[in-house]
Amino acid sequence: MKLSRIVLSVCCIYIMSCQYAISQKDYPIDPVSFVDVKLTDNFWAPRIKINEQITIPIALKHCYTTGRVDNFKKAGGLMPGYFGTDLTFDDTDIYKIIEGMAYSIQTYPNPQLEEQMDTLIYYIGKAQEPDGYLFTARTAGEPGKLHEWVGAKRWEKDPDLSHELYNAGHLYEAAVAHYQATGKRTLLDIAIKNANLLVKDFLIGGLRYEPGHQIVEMALVKMYRVTGTKEYLDLAKYFLDLKGNGERGEYCQSHKPVIEQDEAVGHAVRAVYMYAGMADVAALTGNRDYFKAIDKIWDNVVEKKYYITGGIGARGHGEAFGDNYELPNMSAYCETCAAIGNVYWNHRLFLLHGDSKYYDVIERTLYNGLISGVSLSGDHFFYPNPLESEGQHSRSEWFGCACCPSNICRFMPSIPGYVYAQKENHIYVNLFIESESDIKLNKNDVRISQKTGYPWDGNVSITINPKKSEIFDMLVRVPGWAKNKPVPSELYSYTNPHKENVKLKINGITTNYTISDNGYIAVSRKWKKGDKIDIEFPMEIHRTLADERVEADKGKVSLERGPIVYCLEWPDNKGKVSNAVLKDDVKINSQYEKDKLNGIVSLTMNAESISRDINHNIKEENKLLTAIPYYAWANRGSGEMIVWIPRSADFTRPLPPVTISTKAKVNASKQGGALSKINDGYWPKNSSDRDCPYYSLWPNKGTKEWVEYDFEKTETISEASVYWWDDRPWGGSRVPVWWKVSYLNSNNEWIDVINRNDYQTVIDKVNKVEFEPVETSKIRINFQMEENNSAGIYEIDIK
């Protein structure tokens with residue numbers, strides 16, 4: 001068998017034939033390698049090609065221009081200077097890109113990519129210290145002036161922020177990928193040397209510095225599978241069992257021993273990486289306590305902490321899970337890396353339990369909250385993936401903390417490895433993607449062809465061509481959404497359940513079936529070449545409701561069709577969607593638009609827009625609304641977007657009445673930062689209301705600033721109201737030290753108004769000042785920020 005035929009994807013290297021003997025304990029279900037599944041569809045195959053041609057080269061370019069590559073060269077004595085980037089985990093961006101390059105060349109052979117990998121590996125090898133230690137922030141650090149996250153001794157700050165073990169984990173994953181893809185040991189030998197050092201210092205030496213940012217645990221398992229070195233598996237469990245000392249608390253999932261944890265808390269990416277590592281160790285050791293813990297945590301996520309888009313992690317502070325049912329929309333964090341980690345974890349749980357509910361999570365995440373993290377062009381990215389925007393969110397070319405783009409680089413080529421799985425004489429069909437696949441089932445070779453227009457079309461044709469005719473089971477997953485169950489819990493439900501059932505044909509003959517408790521239609525027969533399964537999923541448009549305990553979604557509905565979650569976005573709806581209302585009796589139509597957003601099915605509906613007149617009375621006007629797939633938003637510029645659409649005027653945000661403030665042109669000493677939101681007429685609930693847009697002056701601190709209104713004509717004014725943004729205690733913005741109002745007089749001079757009451761700088765309320773009437777066409781709010789803090793403004797109203 002050629003080496004490339006046994007390559008398994010980034011997340012699928014579970015059970016493989018190699019030259020080393022390993023334990024017989026393992027996952028009961030085997031994934032089918034991504035190299036054995038060739039996608040030919042119009043949805044995923046182009047994305048994987050874009051990743052290879054656009055995303056990886058762009059990410060690599062940024063790693064050169066930002067000094068990430070230079071850090072290795074400096075550590076290896078190949079160039080002068082010291083560690084020169086901001087974050088101690090910047091090394092991992094190189095490792096993740098190498099991993100993505102390695103998997104990409106399996107699908108699209110590319111000598112240039114392979115040469116680039118060889119160059120990077122040479123730099124990495126030079127940067128490694130003689131005993132195997134590899135951490136450029138220390139090795140290339142300026143003596144006496146090491147990065148603040150780097151401890152005086154190796155490893156001692158890993159429970160905090162050094163990320164030494166996190167870097168090691170990504171090194172191991174890249175090394176395994178490179179070795180499996182090319183057969184070269186250059187990076188694997190570097191990784192083995194480093195892993196042996198960890199065994200020496202921790203497993204043998206007894207160091208008890210827990211991994212602050214998890215991933216080394218599941219990476220060590222991959223190293224064990226490739227090398228057969230059992231100490232790597234033992235060390236993975238050792239690191240997991242260090243949790244529970246409380247040193248960093250819930251943030252690093254260190255509040256309890258892992259076997260006692262039953263709720264998803266803390267940093268979401270760290271959490272799901274840890275849960276995936278627990279699954280790996282449990283599968284290989286048979287540790288039932290680990291299984292019980294991650295099953296309970298999974299229940300907590302899908303029942304109380306899972307977004308309709310497949311995202312996880314509600315809070316920006318700490319990039320963390322929130323409380324149960326805490327699922328805000330505009331401030332939703334839903335980091336792209338967390339979505340990727342959630343796929344890793346759920347795939348492992350499927351391989352353990354064989355239940356389609358884990359694929360319900362995988363599919364929802366894949367088609368919505370994961371690929372939303374990269375633009376359709378492959379060159380702009382989201383770090384958070386919110387479910388509502390007033391225009392303050394836009395895709396970025398790169399980030400200072402670039403974990404998400406580099407994670408996309410390595411994940412996209414692995415997607416074919418999620419389509420099929422096998423166990424004994426069972427073949428699982430888990431995803432519906434047009435493709436050609438070769439599967440070894442016992443001693444038989446089985447070629448499977450899928451023809452489908454999924455996710456836009458619910459018709460799937462599966463042709464089975466075994467090398468020799470024999471009896472085996474084809475297990476076809478029935479997605480939860482096709483059974484009127486959007487997620488495997490009661491967190492979300494449909495207002496309009498399907499009336500049609502899934503239809504099944506075997507060789508053109510309509511066939512009765514049952515759906516097993518684990519969510520599959522099992523077709524068992526003696527298969528011969530050319531046998532065909534045709535399945536038709538009802539692609540009706542669903543209106544989805546959230547559990548009433550999800551405060552942010554009360555009185556609102558989201559739209560779905562098949563696996564796709566929809567949103568309203570400004571370019572399709574005359575620039576405004578936040579005041580829309582979709583009543584329950586409105587008909588929704590779908591149509592395929594091949595030239596829009598790389599080809600989508602859009603939804604249209606006759607709905608309403610809500611506004612207030614000058615007397616603040618509600619006005620309703622008819623409005624044709626168009627919805628697009630959520631993953632495609634923010635590809636046409638910044639503007640309004642909502643996933644959850646109000647069902648009545650009581651739950652929407654009516655367009656405010658037109659005033660001299662809302663009509664004014666806005667200018668400021670610092671541009672950007674959602675400046676246009678200062679006079680949009682929307683007021684917050686408090687000074688840290690993340691669901692209300694605000695103008696931010698971050699990262700400016702301690703400076704004098706101003707915001708100016710330019711009126712359409714000269715106005716007589718005598719009152720100014722300001723609502724300040726203040727994100728204490730954790731954030732860096734505070735109400736200003738002082739503020740005052742000035743106006744432009746007839747001589748083009750800025751004059752301070754004569755105030756009738758004192759200026760207030762108070763949080764959680766409108767700060768209003770009255771002054772002697774003045775006639776002017778321009779007015780300014782001047783303010784002084786605190787020395788070590790920035791500031792922000794929700795709204796300014798002038799009367």
Side-chain angles (χ1 to χ4, degrees), residues 11 214-215 218 240 243 250-253 255-256 258-280 282 290-316 318-329 332-353 355-370 384-387 479-481 485-493 519 544 546-547 549-553 558 565:
C11 57
Q214 299 92 316
I215 201 172
M218 60 176 173
L240 289 167
K243 293 293 181 183
E250 290 186 349
Y251 176 71
C252 294
Q253 295 77 41
H255 57 300
K256 295 178 182 178
V258 293
I259 61 173
E260 295 178 15
Q261 296 186 30
D262 57 8
E263 180 180 357
V265 296
H267 191 279
V269 181
R270 297 169 193 243
V272 289
Y273 282 176
M274 184 180 85
Y275 306 151
M278 288 174 67
D280 282 343
Y290 276 21
F291 288 148
K292 291 175 183 177
I294 55 178
D295 285 346
K296 288 179 181 178
I297 295 167
W298 186 87
D299 288 341
N300 174 251
V301 172
V302 299
E303 292 174 2
K304 299 169 183 175
K305 298 187 177 184
Y306 187 54
Y307 277 94
I308 194 66
T309 55
I312 55 172
R315 297 176 180 173
E319 301 177 330
F321 288 103
D323 294 333
N324 291 335
Y325 304 106
E326 181 188 344
L327 295 167
N329 293 312
Y333 206 67
C334 296
E335 185 181 338
T336 300
C337 285
I340 291 172
N342 201 30
V343 171
Y344 293 163
W345 178 33
N346 275 272
H347 193 220
R348 285 162 165 81
L349 289 176
F350 162 75
L351 296 175
L352 177 66
H353 297 301
D355 197 306
S356 70
K357 66 183 182 181
Y358 303 110
Y359 258 92
D360 289 344
V361 173
I362 290 171
E363 183 180 70
R364 180 170 294 272
T365 303
L366 278 177
Y367 280 96
N368 301 289
L370 193 155
N385 294 270
L387 281 74
W481 59 261
K485 199 169 183 63
V487 297
S489 73
E490 303 305 316
L491 184 57
Y492 302 105
S493 59
T544 309
D547 186 292
R549 286 167 286 189
V550 181
E551 191 68 30
D553 301 334
S558 67
V565 175

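When reading the values below, keep in mind they use all heavy atoms of this one structure, side chains included, and skip hydrogens, waters and symmetry mates. Residues: numbered from 1 along the sequence shown. This is a predicted model, so every value here is computed, not measured.
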### Task
With the side chain counted from C-beta on, respond yes when Tyr273 and Met218 share a heavy-atom pair under 4.5 Å apart, and no when they do not.
yes
### Query
Going from CZ on Phe291 to CG on Leu349, what distance comes out if it is rounded to the nearest 0.5 angstrom?
9.5 Å
### Message
Checking Asn346 against Asp360 for the side chain to side chain donor-acceptor pair (under 3.5 Å) test, could you report, in this order, the C-alpha distance in whole Å, the side-chain angles of both residues, the deciding distance, and whether it holds?
### Response
CA-CA 9 Å; Asn346 275 272; Asp360 289 344; over 6 Å; no
### Closest heavy-atom pair and its distance - Ala552, Pro328
CB-CA, 3.9 Å
### Query
Under 4.5 Å between any side-chain heavy atoms of Lys243 and Cys252, yes or no?
yes
### Task
For Asp323 and Arg315, run salt bridge (charged side-chain N to carboxylate O under 4.0 Å, His left out): C-alpha distance rounded to whole Å, both residues' side-chain angles, the deciding distance at 0.1 Å, then the answer.
CA-CA 10 Å; Asp323 294 333; Arg315 297 176 180 173; 3.4 Å; yes
### Task
Begin from the C-alpha positions of Trp345 and Val301 and carry the test side chain to side chain contact (heavy atoms under 4.5 Å, CB included) through to its verdict.
CA-CA 12 Å; Trp345 178 33; Val301 172; 4.2 Å; yes
#### Entry: Between Tyr275 and Arg348: side-chain donor-acceptor atoms closer than 3.5 Å
no
### Query
What's the shortest heavy-atom distance between Phe321 and Ala271, and which atoms?
CE1-CB, 3.8 Å
### Query
Taking it one step at a time, do Tyr358 and His347 satisfy ring-ring contact (aromatic ring centres under 6.0 Å, His included)?
CA-CA 7 Å; Tyr358 303 110; His347 193 220; over 10 Å; no
### Message
Rounded at 0.5 Å granularity, tell me how far CD1 in Ile308 sits from CG in Leu491.
### Response
7.5 Å
### Message
So, applying ring-ring contact (aromatic ring centres under 6.0 Å, His included) with Tyr359, which one of Phe350, Trp481, Tyr367 is it?
### Response
Phe350
### Query
Step by step, would you call Val361 with Val487 a side chain to side chain contact (heavy atoms under 4.5 Å, CB included)?
CA-CA 7 Å; Val361 173; Val487 297; over 6 Å; no
### Task
Return the minimal non-hydrogen interatomic distance between Pro384 and Ala332, and the atom names on each side.
CB-O, 4.3 Å
### Query
If every non-hydrogen atom of Val272 is compared with every non-hydrogen atom of Ala338, which pair is closest and at what distance?
CG2-O, 4.0 Å
### Check against side chain to side chain contact (heavy atoms under 4.5 Å, CB included), Leu387 and Tyr307
CA-CA 9 Å; Leu387 281 74; Tyr307 277 94; 3.7 Å; yes
### Message
What's the separation between atom CD1 in Ile259 and atom OH in Tyr290, rounded to the nearest 0.5 Å?
### Response
8.0 Å
### Task
Of all the heavy-atom pairs spanning Ala293 and Val258, show the shortest one and how long it is.
CB-O, 3.4 Å
### Task
Over all heavy atoms of both residues, which pair between Ala314 and Gly322 is shortest? Give the atoms and the distance, please.
CB-N, 4.0 Å
#### Entry: CA sep, side-chain torsions, deciding dist, call: Lys485, Glu490, salt bridge (charged side-chain N to carboxylate O under 4.0 Å, His left out)
CA-CA 8 Å; Lys485 199 169 183 63; Glu490 303 305 316; 2.9 Å; yes
### Task
Determine, stepwise, if the pair Tyr306 / Arg364 fulfils side chain to side chain donor-acceptor pair (under 3.5 Å).
CA-CA 11 Å; Tyr306 187 54; Arg364 180 170 294 272; 5.0 Å; no
### Task
First locate atom CE of Met278, then atom CD of Gln214, and finally report the distance between them rounded to the nearest 0.5 Å.
10.5 Å
### Task
Just do the side chain to side chain contact (heavy atoms under 4.5 Å, CB included) check on Asn368 and Asn385 with the steps written out, would you?
CA-CA 10 Å; Asn368 301 289; Asn385 294 270; over 6 Å; no
### Message
Any heavy-atom pair between the side chains of Asp262 and Lys256 that's under 4.5 Å?
### Response
yes
### Message
Please list all pairs meeting salt bridge (charged side-chain N to carboxylate O under 4.0 Å, His left out) that have one or both residues in residues 291-306, counting only residues at least two apart or in different chains.
### Response
Glu263-Lys305
### Query
Roughly how far apart are Leu352 CG and Asp280 CG, rounded to 0.5 Å?
10.5 Å
### Message
Rounded to the nearest 0.5 Å, what separates atom SG in Cys337 from atom CG in Asn342?
### Response
12.5 Å
### Donor-acceptor side-chain pairing of Gln253 and Gln261 below 3.5 angstrom
no
### Task
Take His267 and Glu319, measure what side chain to side chain donor-acceptor pair (under 3.5 Å) needs, and give me the verdict at the end.
CA-CA 5 Å; His267 191 279; Glu319 301 177 330; 2.7 Å; yes
### Task
Could you walk me through whether Asn324 and Asn300 pass the side chain to side chain donor-acceptor pair (under 3.5 Å) test, one step at a time?
CA-CA 8 Å; Asn324 291 335; Asn300 174 251; 3.1 Å; yes
